[in-house]
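Only one structure is covered here, and it is reproduced in the block below.
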Amino acid sequence: MLLWFLPAFLVFLMIGMPVFFGLLAAPGILLVLDGQERNLATLYRNVYTGMDSFPLMALPFFMLAGELMNRGGITLRLVEFSQAVMGHLRGGLAHVNILSSILFAGLSGSAVADTSALGSTLIPAMEKNGYSRRFAAAVTAASSVIGPIIPPSGIMIIYAYVMGESVAALFLAGIVPGVMVGLGLMAMVRLMADRYDLPKAERIVNRGQTVSPVENLIARILARINFIGLLWGAHVLTASAMGIEETPVIPVLVVMAAITEGFFRFMRTRMSEDVRVVWKRAVVPLQTPIIILGGILVGVFTPTEASVVAVAYAILISFFILRSMKLRDLPAIFMKSALGSSTVLLLVGAAVAFKTVVALSHAPESLAAFILSLSDNPLTLLFLINILLFVVGMFLDAGPAIIILGPILGPIFTDIGVHPVHFAIIMSVNLTVGLATPPMGLVLFVASGVSGERVESISKAILPFLAVEVLVIFLITYIPAISLTVPRLTGFIQ
Amino acid sequence: MILLQALVRLLSAVNAAVLTVGRQLAWIALAIMVIVILAQIFFRYVLGDALAWSEELARFFMLWMTGLIAPSAYRWGGFVAIDMLPQALPARLAATLNLALLSVAMMVLVVAIQLGWSDVFGFGGRFATASLKLPLSLVGGEDLVVRRAWMMASLLVCMILMTAVNVELVLRSLIRLIDPNSTIAAVPESAMLAGAD
């Protein structure tokens with residue numbers, strides 16, 4: 001009897017029941033029919049305990065940080081920066097859209113936020129530049145899935161919470177796959193640029209912008225520190241690769257500072273004043289991912305603390321550097337984030353409850369036995385599971401899908417030798433791409449709302465980009481090093 | 001029909017008013033969470049003194065934030081659902097289906113309220129939370145231990161508010177069943193909604 005949990009839930013889902021109620025009604029009704037009313041209390045209590053978690057608190061905080069940065073005008077600065085870097089290429093604004101998504105992904109963990117924030121500026125700009133509206137909407141939707149792959153990531157916070165993995169390890173493992181999706185999409189734009197003669201764009205949209213003297217100073221110092229940091233990272237990696245244990249610190253730093261200063265002076269002569277201003281204006285916002293990842297990497301913050309530091313940083317720069325926000329703007333921003341995260345938290349609670357009761361039914365064991373009976377080759381199984389996840393992702397949002405399927409599928413694959421973090425990335429990336437797949441991709445609807453284009457026509461225009469993303473999913477699946485190298489190098493996994 | 005419309009207007013006004021208060025409290029709860037966790041970091045690194053109660057206090061407010069604002073999201077249609085089928089059906093049929101779905105939701109909510117009620121006022125709620133106390137000793141009284149029931153009440157309140165919203169949605173759906181073109185049938189939309197994935 002209880003084996004019917006999953007089918008009953010799917011039926012509820014398909015006829016239009018909100019996921020939250022479907023997750024509770026399906027097991028609830030079956031429990032009553034099965035004469036196990038007392039387990040209803042377990043169901044209810046798990047909704048509560050499922051939400052009562054400190055690591056989960058990173059979800060509302062990262063949402064709030066993203067909302068603050070968007071309202072504070074940081075998004076616009078990132079778009080202008082991306083345009084100064086890639087706007088002059090053929091298919092310029094499509095590239096700009098993708099690069100902005102990569103940068104925005106480092107500030108926010110949500111594909112929906114990415115689509116609505118970047119779409120509202122870039123889709124009109126692309127239309128004006130000669131792109132069709134549905135192409136512009138499709139690029140926006142396709143590139144927004146990078147948001148939850150590159151850290152911070154709401155989906156990975158949920159995965160880590162449900163599966164007991166380290167959020168930090170998942171965050172680090174997502175960096176390379178996220179950048180790969182971005183580069184893949186850019187390659188596709190490059191191909192299409194030849195075929196459809198996509199237009200170039202100006203590198204600078206608003207000429208004659210200025211930076212305040214204070215921000216100018218801060219940006220110059222921070223940019224140099226970032227560059228030295230890069231050099232230092234390369235230095236440490238080379239040293240450890242060559243087997244050198246200790247290197248002198250001060251002399252190396254002095255040399256690096258000299259190289260940095262030389263590099264900046266050289267670049268100064270190569271860039272116009274307008275381009276320099278746009279770069280400088282991006283420096284302060286782009287410290288956010290460095291603070292989040294740096295803090296987690298060094299072990300100063302837990303991910304939840306890093307998320308709240310991101311909130312504080314966003315408020316700080318919006319008030320004092322960008323001066324784009326007033327105290328009276330804050331309640332509405334906080335309220336919007338609370339509203340968005342409350343539905344997610346309730347969903348997490350309901351999905352945890354669903355999972356607990358489903359576990360009583362031994363359905364996971366039978367499903368696992370079924371999957372293992374299909375093949376004993378991990379590679380074949382991974383292929384099949386990707387197809388399953390892709391189909392699930394077409395209909396179900398990534399969060400609930402992970403909570404329901406993660407605990408069933410995760411242990412199967414860990415048992416046959418797939419690294420848990422590797423499997424987490426396969427699952428997260430696959431289901432994230434599912435957010436942009438027709439017919440029920442959430443970001444398609446958001447892109448449609450932002451652009452005014454019909455979901456059906458965006459769905460058609462997005463197909464070539466989805467093909468790229470599917471290719472990346474398979475690369476990630478069959479080359480574990482793509483996800484595991486960064487967390488390994490930083491010592492977060494064995 | 002006229003009675004039904006009057007009832008919807010009344011309930012809608014009550015819900016709108018109550019949920020407005022809920023939203024105000026919810027954003028304040030979120031702001032308190034931010035401050036508490038920032039204080040936690042500050043105390044640990046700057047003052048070298050880790051706070052014992054900060055995480056639990058922040059969780060307390062997170063649960064209440066969710067409980068107080070999620071009903072607003074429900075009322076505005078912010079609960080994710082696949083609405084392909086309802087949209088494909090003719091108006092009357094869609095309204096019937098919608099009514100059926102709302103009845104199932106109503107069932108879930110009523111059972112949840114019963115269970116939540118016995119949880120909050122039952123045995124488990126009487127236990128103290130791990131670390132939370134109202135420091136009344138600062139004003140000369142005796143410290144008041146925060147009970148688990150105070151935290152668990154957040155979900156109960158959430159379910160009660162959502163039930164009120166659900167009743168409103170059922171009535172609106174009934175009106176749509178009788179007259180698909182009625183202007184009163186839909187909840188006024190809000191621009192506040194945003195997704196999370």
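Numbers restart at 1 for each chain; the letters A, B, ... are given by sequence-line order, proteins then strands.
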For this session: Verify the distance criterion only: is there a donor paired with an acceptor across the side chains of A/Arg454 and A/Ser459 at less than 3.5 Å?
Result: no
For this session: Decide if the gap between the ring center of B/Tyr74 and the ring center of A/Phe21 is smaller than 6.0 angstrom.
Result: yes
For this session: Determine the sole option in A/Pro152, A/Pro303, A/Ser307 for which the side-chain contact (heavy atoms from CB on, under 4.5 Å) test with A/Ile296 is passed.
Result: A/Pro303
Exercise. Between A/Asp114, A/Val300, A/Leu347, which has the largest tally of heavy atom pairs under 4.5 Å with chain B?
Worked result: A/Val300
Problem set entry | Interchain contact, A/Val311 with chain B, by part (heavy-atom threshold 4.5 Å) | side chain
Exercise. Tell me, do B/Ser12 and B/Arg75 make a side-chain contact under 4.5 Å, heavy atoms counted?
Worked result: yes
Problem set entry | Proximal component of B/Met106, with respect to chain A [non-hydrogen, under 4.5 Å] | neither
Problem set entry | Within-4.5 Å side-chain heavy-atom neighbours: A/Phe62 and A/Ser110 | no
For this session: Output the option from B/Ser154, B/Gly116, B/Pro86 having the highest count of non-hydrogen pairs under 4.5 Å with chain A.
Result: B/Gly116
Exercise. For B/Val18, which of B/Asn15, B/Val14, B/Thr20 qualifies under side-chain contact (heavy atoms from CB on, under 4.5 Å)?
Worked result: B/Val14
Exercise. Tell me, side chain or backbone of A/Ser53 under 4.5 Å from chain B's heavy atoms, or both, or neither?
Worked result: backbone
Exercise. Would you call B/Trp76 and A/Leu339 a side-chain contact if the rule is heavy atoms closer than 4.5 Å?
Worked result: yes
Problem set entry | Engaged part of B/Met151 at the chain A interface, taking heavy atoms whose separation is under 4.5 Å | both
Exercise. Given a strict heavy-atom distance threshold of 4.5 Å, which part of B/Leu68 is in contact with chain A: side chain, backbone, both, or neither?
Worked result: neither
Exercise. Any idea which of A/Leu13, A/Ile15, A/Val19, A/Leu346 has the most non-hydrogen atom pairs under 4.5 angstrom with chain B?
Worked result: A/Ile15
For this session: Could you tell me which portion of A/Val446 (side chain, backbone, both or neither) has an atom closer than 4.5 angstrom to a non-hydrogen atom of chain B?
Result: neither
For this session: Taking the side chain as every heavy atom from C-beta outward, state whether B/Ile69 and B/Trp27 have any pair of such atoms under 4.5 Å apart.
Result: no
Exercise. Using non-hydrogen atoms only, which part of A/Phe54 is less than 4.5 Å away from chain B: side chain, backbone, both, or neither?
Worked result: both
Exercise. Does one side chain, of A/Asn70 or A/Glu67, offer a donor that lies under 3.5 Å from an acceptor on the other?
Worked result: no
For this session: Among B/Leu85, B/Val111, B/Leu63, single out the residue with the greatest number of heavy-atom pairs under 4.5 Å to chain A.
Result: B/Leu63
Exercise. Given that the side chain runs from C-beta out, which part of A/Leu43 has a heavy atom under 4.5 Å from chain B: side chain, backbone, both or neither?
Worked result: neither
For this session: Mark yes or no for whether B/Gln24, through its side chain, and B/Val21, through its backbone, hold a donor-acceptor pair below 3.5 Å.
Result: no
For this session: Without swapping roles, check the side chain of A/Ser120 against the backbone of A/Ser116 for a donor-acceptor pair under 3.5 Å.
Result: yes
Exercise. Are any non-hydrogen side-chain atoms of A/Val308 and A/Phe301 less than 4.5 angstrom apart?
Worked result: no
Exercise. Are A/Thr115 and A/Ser144 linked by a side-chain donor-acceptor pair shorter than 3.5 Å?
Worked result: yes
Seminar exercise, completed: Counting heavy-atom pairs under 4.5 angstrom with chain B, the leader among A/Asp52, A/Val47, A/Leu56 is A/Asp52
Seminar exercise, completed: Applying a strict 4.5 Å limit to non-hydrogen atoms, the region of A/Leu64 in contact with chain B is side chain
For this session: For chain A, find which of B/Ala29, B/Ala26, B/Ala31 contributes the most heavy-atom pairs closer than 4.5 angstrom.
Result: B/Ala31
Exercise. Can you say whether B/Leu97 sits under 4.5 Å from chain A via the side chain, the backbone, both, or neither, judging by heavy atoms?
Worked result: side chain
Problem set entry | A/Phe9 side chain reached by A/Ile404 side chain, heavy atoms, under 4.5 Å | yes
For this session: Considering only heavy atoms, give the residues of residues 33-52 of chain B separated from chain A by less than 4.5 Å, sorted numerically, with 'none' for an empty result.
Result: B/Met33, B/Val34, B/Ile37, B/Leu38, B/Gln40, B/Ile41, B/Arg44, B/Tyr45
